[in-house]
Amino acid sequence: MTHVDLQIPVNDNFSFNECLWFLNRNFDDCMHTVYTGSVRKVLLIDQLPVLLEISMSRQHLRVQVLRGEINDQTEPFIRNYITEWFNPDEDIAAFYKLLIRHKSLAYMPEAFKGLRLIGIPDLFEALAWSIIGQQINLPFAYRVKRRFVEKYGSSILHDDVLYHIFPSCETVAKLNPDDLCEMQFSRRNAEYIIGLADAFVRGEISKQQLAGLSDFISRQKALTNIRGIGIWTANYALMKSLKEPSCIPYGDAGLLNALMNHNIIREKSDSKEMNTFFKKFPGWESYLVFYLWRSLAPTEKEKILDTTVRQTV
DNA sequence: AACCAGGCTGCGC
DNA sequence: GCGCAGCATGGT
C-alpha cells in the first residue's frame with residue numbers, strides 16, 4: 001500500500017523551511033535530499049527500505065511513502081523517526097525568552113525562527129558520523145561520509161535519484177582499517193569506527209540501553225568508555241540522538257568560533273567565561289549550541305551569491 | 001608554507 | 001583530576 005500519508009502535528013515556533021534550510025546548508029549531505037518545500041530520505045525498517053517525502057501541510061508534517069510498505073509495524077517507526085529528526089513537538093518558547101534576554105543573541109528567535117534541533121535518530125549513525133568529523137573540516141568530513149556511505153551502505157533508486165542508507169554496524173564491523181583508509185579516513189579514525197561497529201554488533205552498546213541509564217553523566221561515561229569517543233563525540237551524539245538537553249561539546253571548533261563572533265568569549269581557551277555563559281541557559285544548552293552552529297552558516301544572501309558564482313563559472 | 005578543522009589517547013604530574 | 005604533546009587526514 002503506497003500513497004498513504006501520515007500526518008505529524010507540529011506546535012508553535014516550528015518552521016519547516018528553517019529546518020530544511022539547515023538540512024541543505026552549504027554541505028553535501030548524502031543522507032537526505034532536499035527539494036523545494038520537501039525532503040526525501042530512505043529508512044530501513046526490518047531490513048526493508050521505505051522512501052519518504054516529508055513536507056508541510058497546514059499545521060502538520062506530511063509524510064508520504066514513495067516506496068515501500070506502510071503498515072501497523074512500520075508506521076510507528078516512521079512517526080517516531082520523523083519526530084526525533086525534526087522535533088516538531090518540543091516547546092521552545094522558554095528558550096526564545098532566554099535568548100531575547102541576551103544582548104548579542106537576541107536576534108536569533110527572529111532570524112532563525114522555528115528552527116528545531118535537527119536530530120540523527122540512529123545512534124550508530126550519529127556516533128560514526130561524529131567520529132568521521134573529528135578534527136577535520138566539515139566539507140571534507142561530508143565528502144568522506146559520502147564515499148563511506150556509497151561504498152558500504154545500501155541505496156534505492158527512485159526517479160533517477162539514489163537515496164542512501166547508512167552502512168549497518170554488521171557490515172562495518174567486518175571491515176579492515178585499510179578499507180577505510182582507502183577513502184581517506186585516518187588510520188586511527190578507521191579503527192575507532194570499526195571498533196564502534198563491533199561494540200554495537202556485540203550488544204555492548206545500544207540506544208535503548210543508553211537511554212535506560214539513570215542520568216546524563218552515566219550516559220556520557222558509557223559512551224566515553226568506547227575507544228575513540230571522547231567528551232566532544234559523546235555530547236554530540238547525546239544531543240543529536242538522545243535529545244539530551246544539556247550537552248556542551250567542549251572544545252568544539254565551531255562552537256568556539258561562534259562564541260568569538262558574538263563576543264561572548266575573548267580567547268578560545270576561556271572555559272570559565274564559556275561556563276558562566278551557558279549557566280544562563282539551563283536545560284537549553286544543546287539547543288543553544290545548535291543555534292550557535294546555525295549562526296555560522298552563510299546567510300541566504302551569501303548562499304545565493306555563492307551558487308550564482310558557481311553557475312556562471 | 002603555516003595554520004586550521006564540529007578531537008582523541010596516553011603520559012606525566 | 002588536569003595539562004600537554006603527538007597524532008592523522010586534507011583544506012585554505
Side-chain angles (χ1 to χ4, degrees), chain A residues 22-31 112 115 117-120 125-148 151 175-199 205 217 220-242 244 246-262 264-265 267-272 274-275 277-278 285-298 302 306 309-310 313:
Chain A
F22 185 85
L23 286 175
N24 201 31
R25 309 181 267 177
N26 45 341
F27 301 117
D28 175 34
D29 195 330
C30 58
M31 296 312 296
F112 310 143
L115 173 66
L117 201 161
I118 303 297
I120 304 177
E125 179 186 336
L127 286 167
W129 165 232
S130 56
I131 290 175
I132 292 176
Q134 286 171 4
Q135 192 60 14
I136 58 177
N137 62 70
L138 275 180
F140 176 55
Y142 278 103
R143 279 208 294 285
V144 172
K145 177 165 88 163
R146 177 176 283 280
R147 280 196 282 263
F148 175 61
K151 181 146 185 187
L175 300 180
N176 297 311
D178 287 339
D179 300 325
L180 296 179
C181 290
E182 273 173 25
M183 41 187 81
Q184 290 166 291
F185 281 71
S186 68
R187 180 156 298 272
R188 195 153 32 173
N189 283 19
E191 292 168 6
Y192 291 166
I193 291 192
I194 294 169
L196 173 74
D198 200 46
I205 179 177
I217 304 293
Q220 275 185 335
K221 282 198 173 146
L223 287 175
T224 52
N225 280 340
I226 300 170
R227 180 171 154 81
I229 297 182
I231 192 67
W232 177 83
T233 308
N235 280 327
Y236 181 88
L238 287 171
M239 158 194 315
K240 297 283 272 188
S241 202
L242 286 162
E244 195 81 52
S246 299
C247 291
I248 306 172
Y250 289 99
D252 179 88
L255 172 61
L256 293 175
N257 284 334
L259 292 175
M260 297 278 281
N261 292 344
H262 291 86
I264 292 164
I265 58 172
E267 306 269 339
K268 292 194 174 178
S269 56
D270 205 338
S271 54
K272 261 189 194 171
M274 189 166 135
N275 280 325
F277 165 69
F278 274 107
E285 292 89 341
S286 298
Y287 245 96
L288 182 52
V289 169
F290 190 76
Y291 268 57
L292 285 165
W293 280 336
R294 168 64 179 85
S295 76
L296 295 169
E302 286 164 348
D306 189 39
V309 171
R310 236 179 284 151
V313 164

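Below, chains carry the letters A, B, ... as their sequence lines are ordered, and counting in each starts from 1.
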| task | Measure the distance from CD1 on A:I226 to C1' on B:dT9 and round it to the nearest whole Å. | result | 15 Å

| Pick the nucleotide of DNA chain B nearest each of A:Y192 and A:I136; which residue has the one closer to the 5' end? | A:I136

| query | For C:dC7, does either OP1 or OP2 sit under 4.0 Å from a side-chain N or O belonging to A:S186? | reply | no

| d(CD1, A:I231; P, C:dG3) in whole Å | 14 Å

| message | Side-chain N or O of A:N257 versus OP1/OP2 of B:dA5: is the shortest distance under 4.0 Å? | response | yes

| field | Under 4.0 angstrom between A:Q135 side-chain N/O and B:dA5 OP1 or OP2 | value | no

| query | C:dC2 C1' sits how many Å from A:K272 NZ, rounded? | reply | 14 Å

| said: I want to check one thing: is the phosphate of C:dT9, taken as OP1 and OP2, less than 4.0 Å away from some side-chain N or O of A:R143? | reply: no

| query | Between A:I132 (CD1) and C:dT9 (C1'), how many Å, whole number? | reply | 13 Å

| Of A:K240 and A:G228, whose closest DNA chain B nucleotide lies nearer the 5' terminus? | A:K240

| query | Are any of the side-chain heavy atoms of A:I229 and A:L196 separated by less than 4.5 Å? | reply | yes

| message | Other residues, nucleotides and ligands only: do more than 12 of their heavy atoms fall within 6.0 Å of NZ on A:K221? | response | no

| message | Mind checking if A:I229 touches a base, just sugar-phosphate, or nothing, with heavy atoms under 4.0 Å? | response | sugar-phosphate

| In whole angstroms, how far is the P atom of C:dG10 from the NZ atom of A:K145? | 19 Å

| task | Select one nucleotide: of C:dT9, B:dG7, B:dA5, the one nearest the side-chain heavy atoms of A:T233. | result | B:dG7

| note | Whole-Å distance, A:L255 CG to B:dG7 P, equals 10 Å

| request: Identify whether any heavy atom of A:R188 sits under 4.0 Å from a base atom; if not, whether one sits that close to sugar-phosphate; answer base, sugar-phosphate or nothing. | output: base

| request: Please check the phosphate of B:dG7 (OP1 and OP2 only) for any side-chain N or O of A:Q134 closer than 4.0 Å. | output: no

| message | Check the orientation of A:F290 and A:Y287. Use parallel for under 30°, tilted for 30 to 60°, and perpendicular for over 60°. | response | perpendicular

| field | Rounded interatomic separation in angstrom, taking CZ from A:R187 and P from C:dG6 | value | 22 Å

| query | Does A:R227 place a side-chain N or O at less than 4.0 Å from the phosphate oxygens OP1/OP2 of B:dG10? | reply | yes

| field | Separation of atom CZ in A:F185 from atom P in C:dC7, rounded to whole Å | value | 22 Å

| From A:K145, A:R146, A:R143, residue fulfilling salt bridge (charged side-chain N to carboxylate O under 4.0 Å, His left out) relative to A:D28 | A:R146

| Salt-bridge present (A:D178, A:R187; N to O < 4.0 Å) | yes

